[in-house]
Every structure is written in structure tokens, then in C-alpha cells.
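Heavy atoms only: backbone and side chains are in, while hydrogens, waters and symmetry mates are out.
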Amino acid sequence: MTSNAELVRFWFEEVWYRDNNGILEEMFTEGTQATGPVSSLMGQQFIASDFVTTMKALLGGAPEFTFGVFEEAGPWVITCFDVHVTSHPHRPPFDFDGQMIFKVENGQITAIHSSLNYIKLFEGLGQMPPDTLPVCLSGAKLDWK
């Protein structure tokens, strides 16, 4: 690959669309660091196959990504995207957005920061009510069943 952005794009295409998890050991260092809202659930070391497998299971398959930003700045690759979930077996199609920032050194991903719009994701999955964010911003509380 000739650029860091191409490496990250290759990761999205191979792992998300072609189910090619065999490339992950080559693409990520053993100590790849993860930050973001769910990093405390996964631990500091990012295990890409676990994250992708969990998300695909939750979404009912591979979603489609539309990138608004896919930029390289030195060792960093910044992505902003919309995620289109069209094949969930029990939910109508829905969208949510996210951002991922990758640090690439010597042809491998050494750090990743992921921030997805989890509220929209869980609304789309029916786990949270529609308009959760504005309701919470009003001071109302959600009661869990």
C-alpha cells in the first residue's frame, strides 16, 4: 500500500465487506491501543476481530459505509462516516454516524479512536426509544424495564 489512508480503506473493505479477518494480524500491532466510548468494555488493547464480529452480529450483517471524510495527516487517518443498516432481520433500515481515527506506523495500525453515535444505533435496534437524546436533554429520565 502506498499510503496510510489506503491501508485503512483496505481494512474497511476486507474486514467489513469481505469477512476477511485473516488480514488483521498483519494490519494491527500486538499492542494496538484503543480509545473511545466502548474501549473500557474491550480493554485498552484493540482486538479488531472481536469488535467487527460483535458489530456485525448486532447489526444483522455488514452495514454499508458512506464516508464524508477520509483524510490522511501524517501518521493519522481521520474518517467520518454514515453507517447504513439495511439487512437487519427484525428491524427496518436505519442509519447512524461515527468517526474513527487511526494511527499508522510502519504499515500497521498502532492506535484507533472510535466514536459511534451509540444512541442512534440503539434507537435503530429498538433498544432505546426514538428521540432519546432530546428527551434526555429535557431532563426526563429513562426507566429501564
Side-chain angles (χ1 to χ4, degrees), residues 4-105 108-145:
N4 294 339
E6 286 177 352
L7 179 88
V8 171
R9 189 174 298 279
F10 180 76
W11 175 73
F12 273 101
E13 291 172 359
E14 287 296 310
V15 174
W16 284 96
Y17 297 134
R18 294 185 183 101
D19 290 321
N20 183 6
N21 287 345
I23 63 164
L24 292 174
E25 285 186 30
E26 299 170 20
M27 296 189 73
F28 289 84
T29 62
E30 189 174 315
T32 296
Q33 296 294 302
T35 57
V38 297
S39 62
S40 63
L41 302 175
M42 297 171 35
Q44 281 293 332
Q45 186 173 354
F46 181 68
I47 302 171
S49 60
D50 290 352
F51 175 75
V52 172
T53 300
T54 300
M55 289 300 290
K56 284 182 179 178
L58 195 61
L59 301 176
E64 296 176 26
F65 292 88
T66 302
F67 291 93
V69 174
F70 208 111
E71 296 292 329
E72 184 172 338
W76 297 97
V77 178
I78 298 97
T79 64
C80 298
F81 48 83
D82 291 319
V83 181
H84 312 285
V85 179
T86 59
S87 60
H88 194 280
H90 308 292
R91 301 293 304 167
F94 65 94
D95 298 331
F96 63 97
D97 60 301
Q99 306 85 38
M100 295 179 88
I101 302 170
F102 301 82
K103 186 174 186 181
V104 179
E105 297 174 296
Q108 288 185 296
I109 297 169
T110 60
I112 185 169
H113 177 82
S114 175
S115 182
L116 303 178
N117 187 336
Y118 288 101
I119 290 177
K120 294 301 285 180
L121 166 62
F122 293 126
E123 286 177 353
L125 291 171
Q127 294 176 268
M128 297 182 90
D131 297 322
T132 295
L133 183 59
V135 170
C136 289
L137 288 172
S138 75
K141 294 181 181 179
L142 296 175
D143 289 324
W144 299 99
K145 293 183 181 182

When every non-hydrogen atom of Leu58 is compared with those of Gln127, the smallest separation belongs to CD1-OE1, 4.3 Å
Between the CZ atom in Phe28 and the CD1 atom in Ile109, the distance rounded to the nearest 0.5 Å is 4.0 Å
In short, Gly60 meets Pro89 closest at the heavy-atom pair CA-CD, 3.9 Å
Here the pair of heavy atoms bringing Asn4 nearest to Pro75 is ND2-CA, 3.6 Å
Should Glu105 and Thr29 count as side-chain neighbours, where that means a heavy-atom distance under 4.5 Å? no
For this session: Report yes or no: does Glu72 contribute a side-chain atom to a donor-acceptor pair with the main-chain N or O of Ala5 at less than 3.5 Å?
Result: yes
CD (Gln33) and NE2 (His113) are apart, to the nearest 0.5 Å, by 13.5 Å
Can you find a pair of side-chain heavy atoms, one from Thr66 and one from Asp95, that are under 4.5 Å apart? no
Are the side chains of His88 and Leu125 in contact, using a 4.5 Å heavy-atom criterion?
yes
Between Ser114 and Gly36, is there a donor-acceptor pair closer than 3.5 Å when you use the side chain of the first and the backbone of the second? no
**Q.** NZ/NE/NH1/NH2 to OD/OE distance under 4.0 Å, Glu123 and Lys120
**A.** yes
Heavy atoms of Pro37 and Ser115 approach each other most closely as CD-CA, 4.1 Å
For residues Asp97 and Cys80, determine if any side-chain heavy atom of one lies less than 4.5 Å from a side-chain heavy atom of the other.
no
Correct closest heavy-atom pair for Thr32 and Ala111 would be CG2-N, 3.9 Å
Closest heavy-atom pair, Thr86 versus Glu64, reported as atoms and distance to 0.1 Å, is OG1-OE2, 3.9 Å
Test side-chain contact (heavy atoms from CB on, under 4.5 Å) on Val52 and Trp11; report intermediate values, then the result. CA-CA 11 Å; Val52 172; Trp11 175 73; 4.1 Å; yes
Is there a side-chain contact between Trp16 and Lys56, using heavy atoms and a 4.5 Å cut-off? yes
With Val104 as partner, the option from Ile112, Thr110, Leu7 fulfilling side-chain contact (heavy atoms from CB on, under 4.5 Å) is Leu7
Requested in this report: Show the numbers, then the answer: is there a side-chain contact (heavy atoms from CB on, under 4.5 Å) between Phe96 and Val85?
Outcome: CA-CA 8 Å; Phe96 63 97; Val85 179; 3.9 Å; yes
Exercise for review: Specify whether Phe65 and Phe67 have parallel, tilted or perpendicular ring planes, treating 30° as the upper limit for parallel and 60° as the lower limit for perpendicular.
Suggested key: parallel
Inset, instruction - Kindly indicate, with the supporting measurements, whether the criterion side-chain contact (heavy atoms from CB on, under 4.5 Å) is fulfilled by Val8 and Met100. - result: CA-CA 10 Å; Val8 171; Met100 295 179 88; over 6 Å; no
Under the side-chain contact (heavy atoms from CB on, under 4.5 Å) rule, what do Phe81 and Leu116 come out as? Steps first, then yes or no, please. CA-CA 9 Å; Phe81 48 83; Leu116 303 178; 3.9 Å; yes
Taking side chain as C-beta onward, heavy atoms only, is Phe94 less than 4.5 Å from Leu59?
yes
Rounded to the nearest 0.5 Å, the CD atom of Glu71 sits from the CD1 atom of Ile101 at a distance of 12.5 Å
